[in-house]
Every structure is written in C-alpha cells, then in structure tokens.
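What follows is a single structure, written as structure tokens, with notes after it.
The chains referred to below are lettered A, B, ... by the order of the sequence lines, with proteins before strands, and numbering in each begins at 1.
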Protein chains: 2
Amino acid sequence: MGEAAQLKEDTIAALHDTLQAYITKKGFRSTSQRRLVTDIFFRTGGHMSIEDLLAKVREQDPRVGYATVYRTLRLLAECELANVRHFGDGVTRYELADEGKHHHDHLICTSCKRIIEFEDEAIEVLQDRIADRHGFNLKSHKHELYGVCPECQQKQS
Amino acid sequence: MGEAAQLKEDTIAALHDTLQAYITKKGFRSTSQRRLVTDIFFRTGGHMSIEDLLAKVREQDPRVGYATVYRTLRLLAECELANVRHFGDGVTRYELADEGKHHHDHLICTSCKRIIEFEDEAIEVLQDRIADRHGFNLKSHKHELYGVCPECQQKQS
DNA sequence: CTAAGTGCAAAAAGTTTGCATTCCG
DNA sequence: CGGAATGCAAACTTTTTGCACTTAG
C-alpha cells in the first residue's frame with residue numbers, strides 16, 4: 001500500500017518480452033529509442049507525463065524527440081501494456097497496465113499533486129455489480145479521490 | 001437512475017441565486033452572456049463540452065465568443081457550482097456540482113460514447129474510509145466505469 | 001464614471017503529422 | 001534493399017490571454 005513499489009527485474013524483462021512479441025507479430029521494429037523509452041517507462045511504472053518521461057529519456061539520449069515518445073506510448077497503449085490517464089490538469093499521463101502490476105486506483109493531493117495508489121477489493125465487486133445491472137460489458141475503470149494530503153493539511157494551517 | 005434527469009425550474013432558479021450571491025460577494029457583474037451561458041449549462045446539467053455548449057449558446061445569441069464560455073465555466077468551477085471532467089478524449093467537459101443534483105458517477109460506453117450516471121452509497125462509504133486511512137481530507141472524486149453498453153454489444157456481434 | 005466583461009485575434013500548450021533521412025530485419 | 005521508425009518542424013486542437021471597446025453597477 002502507499003507509493004508505487006519498485007518492479008522486479010524479471011517483471012520488467014517480462015514486459016519487454018510482451019512488447020517484443022507484439023512488435024514481431026505486427027511486423028514492427030525494435031529500435032534503440034523504443035527500448036530506451038519503454039524501459040524507463042516500465043521502471044518508473046506510471047503517472048509520468050510525456051514531458052517528464054522525455055526528460056528522463058534525454059538524460060540518456062539527448063537526441064530523442066517528442067514525437068518518438070508520443071508514438072512509443074501510443075504503441076504501448078495499443079498493445080495494452082499502458083493506459084492513458086488524465087488527472088485534471090490538461091496533461092496526458094500513461095501508466096503501466098494491470099499486466100505489470102496489481103490493479104489499483106488513485107488518491108490525488110490537489111495541493112502538492114502527489115499521487116498515491118490504493119486497492120480495494122470490495123469496491124471492485126460493487127463496480128462489477130453496477131455494470132451488470134446496466135448490462136455493460138466492463139472493460140476498465142478509473143477511480144480517483146481528490147483531496148488534501150496530511151502534509152499539505154499541516155502546511156496550510 | 002439512468003440518464004440525467006431534468007432539473008426542476010426552482011432548482012435552476014436556486015443555482016442562479018447561488019451564482020448571483022457569489023458574483024455580488026466578489027464584486028463581479030451579471031451580464032446577459034453569463035446569464036445565458038449559465039442558464040443553458042444549468043438546464044442541460046453537464047457532460048457538455050465547451051464546443052457543444054457554445055453551439056447551444058449561439059443558437060440564442062450568435063455573437064458570444066469562445067472566451068466568454070471558457071471564462072464563465074471557469075467562474076462556475078471557482079464558485080463550486082461546476083466540476084471539470086476529462087473522459088479520455090482530449091476534451092474538457094463540465095458538469096453541475098453536487099449542489100444542483102445528487103452525487104453520482106459515470107458508466108461510459110467506449111463504443112457509442114453514451115454516458116450513464118449511477119449512484120452507489122456503499123462505494124461512497126468505502127471511499128471515505130480509504131481517504132481516512134491515508135489521512136486525506138477528501139474534496140471530490142471521480143469514478144468512471146468504461147465498457148460496452150448492451151446496444152453496442154448487440155451491434156458488434 | 002470606472003472597472004469588470006466581452007469579442008476578437010493572437011499566443012500558448014499539448015499533441016499529431018508530413019517528410020527526408022536513418023537503420024532494422 | 002524496402003519499409004518502419006526517427007527527428008525535426010510545421011500543422012492542429014484546445015484553451016488562455018492581451019487589448020480596445022462595451023456596459024453593469
């Protein structure tokens with residue numbers, strides 16, 4: 001519980017494998033830029049804006065362009081290794097899909113923008129029931145709680 | 001339950017009153033454009049993109065500009081009569097805050113984009129508990145279930 | 001009157017696309 | 001080699017801002 005945990009090396013390797021399989025199947029190509037972008041993405045595991053991710057990528061290869069990061073994340077979303085997120089600021093963020101980690105939702109501090117993950121089985125069950133009731137075939141969901149974290153509450157008072 | 005219900009006349013009047021009180025308190029001004037934009041917004045009650053709203057506004061006054069609609073909705077958000085929403089397409093939508101209607105969440109059909117509202121008291125309780133556990137002072141939340149609605153399931157098969 | 005609000009157009013901000021060049025398979 | 005991917009810059013889209021003009025209070 002709490003902040004995102006570090007992923008194990010072999011989990012990361014498995015993610016690269018899944019991606020590689022998809023790339024091969026589709027006749028796409030594995031490039032150094034793609035490997036770099038996806039590796040950093042897999043390791044940080046989400047909630048990064050494109051801007052943040054690009055910055056990290058450029059630490060290791062300054063020639064990589066915006067477009068490549070956008071295109072690579074679109075590829076990850078396409079093969080369902082990543083999901084898009086919008087947390088209210090106009091910025092698109094991606095996060096690792098459930099394949100790589102447990103399903104979770106988000107607690108977001110509206111003051112310091114910190115993002116904390118949580119899981120709650122009981123809520124998941126209730127969700128399924130609601131979808132059923134409306135005849136929906138549920139694919140995914142988004143559950144975000146916005147508030148002020150303990151630290152910021154202290155600062156404000 | 002189901003699609004958004006029509007709001008009663010007096011509820012709409014109450015919303016205008018709340019807004020007027022805020023405007024007065026802040027030394028702002030009530031203009032015909034603001035009254036028009038907010039009235040249409042209150043009556044439709046949410047899930048409208050700025051573009052949709054502007055179109056409706058221009059049916060009644062074609063001279064109203066984009067900026068006015070943006071600024072008016074920002075004002076509504078500022079006085080907590082409206083909340084911002086992002087449903088995955090890059091478009092900002094606003095919806096009436098809880099003041100005007102019951103709290104509810106959303107079931108969204110990824111195929112036809114239909115948006116259905118639902119309420120679930122049990123989930124609300126669980127949310128509060130999660131926020132408590134993390135020491136968060138909860139302000140609002142977003143809970144969206146994405147899937148395929150019964151009609152689209154039929155079409156697809 | 002006078003400061004807030006409007007409409008317009010220009011500017012930002014974020015994302016996508018076209019194209020010549022690079023390079024994987 | 002041939003086509004996919006890249007990097008760059010230009011194009012797009014959505015939202016914000018600057019400014020002269022209008023108007024509520």
Side-chain angles (χ1 to χ4, degrees), chain A residues 16 19-41 47-55 57-79 82-94 113, chain B residues 16 19-41 47-79 82-94:
Chain A
H16 279 293
L19 175 59
Q20 185 53 55
Y22 182 79
I23 284 179
T24 305
K25 189 181 74 183
K26 288 284 197 169
F28 296 156
R29 287 169 191 179
S30 178
T31 65
S32 68
Q33 294 93 327
R34 267 187 190 173
R35 284 188 300 271
L36 177 57
V37 172
T38 55
D39 194 62
I40 291 176
F41 179 74
H47 308 151
M48 292 187 99
S49 63
I50 302 284
E51 191 113 356
D52 295 341
L53 186 50
L54 181 61
V57 167
R58 284 190 168 160
E59 283 174 19
Q60 302 199 37
D61 182 350
R63 321 163 145 262
V64 176
Y66 269 90
T68 299
V69 177
Y70 275 103
R71 286 187 277 230
T72 301
L73 287 183
R74 201 196 291 155
L75 174 69
L76 286 180
E78 183 186 316
C79 70
N83 292 131
V84 195
R85 293 272 158 188
H86 298 265
F87 288 123
D89 45 5
V91 185
T92 301
R93 287 159 200 274
Y94 283 83
K113 309 296 176 194
Chain B
H16 280 293
L19 175 60
Q20 185 53 56
Y22 182 79
I23 284 179
T24 305
K25 189 182 73 183
K26 288 284 196 169
F28 296 156
R29 290 168 190 178
S30 179
T31 65
S32 67
Q33 293 93 326
R34 267 186 189 172
R35 284 188 300 270
L36 177 57
V37 171
T38 56
D39 194 63
I40 291 177
F41 178 76
H47 308 151
M48 291 188 100
S49 63
I50 302 285
E51 191 113 357
D52 295 340
L53 185 51
L54 180 62
K56 282 231 173 201
V57 167
R58 285 192 167 159
E59 284 174 18
Q60 301 199 37
D61 181 351
R63 320 162 146 262
V64 175
Y66 269 90
T68 298
V69 177
Y70 276 101
R71 288 188 276 229
T72 301
L73 287 183
R74 201 196 291 153
L75 173 69
L76 286 180
E78 184 187 316
C79 69
N83 291 131
V84 194
R85 294 274 156 186
H86 297 264
F87 289 123
D89 44 4
V91 185
T92 300
R93 286 160 200 275
Y94 284 83

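We find the OG1-NE2 distance between A:Thr92 and A:His86 to be 4.5 Å, quoted to the nearest 0.5 Å. Atom OG1 in A:Thr68 sits 11.0 Å away from atom CG in A:Leu73 (nearest 0.5 Å). Considering CG of B:Leu54 and OG1 of B:Thr72, their distance stands at 10.5 Å, rounded to 0.5 Å. Rounding to the nearest 0.5 Å gives a distance of 10.0 Å between OH of A:Tyr66 and CD1 of A:Ile50.
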Quiz item: Taking protein heavy atoms under 4.0 Å as touching, what does nucleotides 19-25 of chain C look like 5' to 3' if B marks base contact, S marks sugar-phosphate-only contact and - marks none?
Solution: -----BS

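Comparing the end axes of the helix from C:dC1-D:dG25 to C:dG25-D:dC1, each fitted to five base pairs by superposing C1' atoms of four pairs onto the next four, gives an inter-axis angle of 30° (nearest 10 degrees).
Position along DNA chain D of the nearest nucleotide to B:Ala67 versus A:Val64 favours A:Val64 as the more 5'-ward residue. Along DNA chain C, the nucleotide nearest A:Glu51 and the nucleotide nearest B:Thr72 are compared for position; the residue whose nucleotide lies closer to the 5' end is B:Thr72.
In this structure, CG of B:Leu36 is placed 10 Å from P of C:dG7, rounded to the nearest angstrom. We find that OH of B:Tyr70 is positioned 15 Å from P of C:dG7, with the value rounded to whole Å. Atom OH in A:Tyr66 sits about 8 Å away from atom P in C:dG14, given to the nearest Å. For B:Leu75 and C:dA4, the CG to C1' distance is 12 Å, given to the nearest whole Å. Atom CD of B:Glu78 and atom C1' of C:dG5 are 14 Å apart (whole Å). Regarding A:Leu53, its CG atom lies at a distance of 15 Å from the P atom of C:dG14, rounded to whole Å.
Under the side chain to side chain donor-acceptor pair (under 3.5 Å) criterion, A:Arg35 pairs with A:Ser30, not counting sequence neighbours. Among residues two or more places apart in sequence or in another chain, the side chain to side chain donor-acceptor pair (under 3.5 Å) test is passed with B:Gln20 by B:Thr24. Scanning for salt bridge (charged side-chain N to carboxylate O under 4.0 Å, His left out) contacts around B:Asp61 gives an empty result, with sequence neighbours left out.
By the 6.0 Å contact criterion, CD on B:Glu78 is enclosed, its count of non-hydrogen atoms from other residues, nucleotides or ligands being greater than 12.
In this structure, B:Leu19 and B:Cys79 approach most closely via the heavy-atom pair CD1-SG, 4.0 Å. Heavy-atom minimum distance, A:Ile40 versus A:Val57: CD1-CA, 3.7 Å. The shortest heavy-atom contact between A:Phe28 and A:Tyr22 is CE1-CE2, 4.3 Å.
Side-chain N/O atoms of A:Thr92 include none lying less than 4.0 angstrom from OP1 or OP2 on C:dG14.
Nucleotides of DNA chain D lying under 4.0 Å from heavy atoms of chain A occupy a range whose first and last members, 5' to 3', are D:dG2 to D:dC8.
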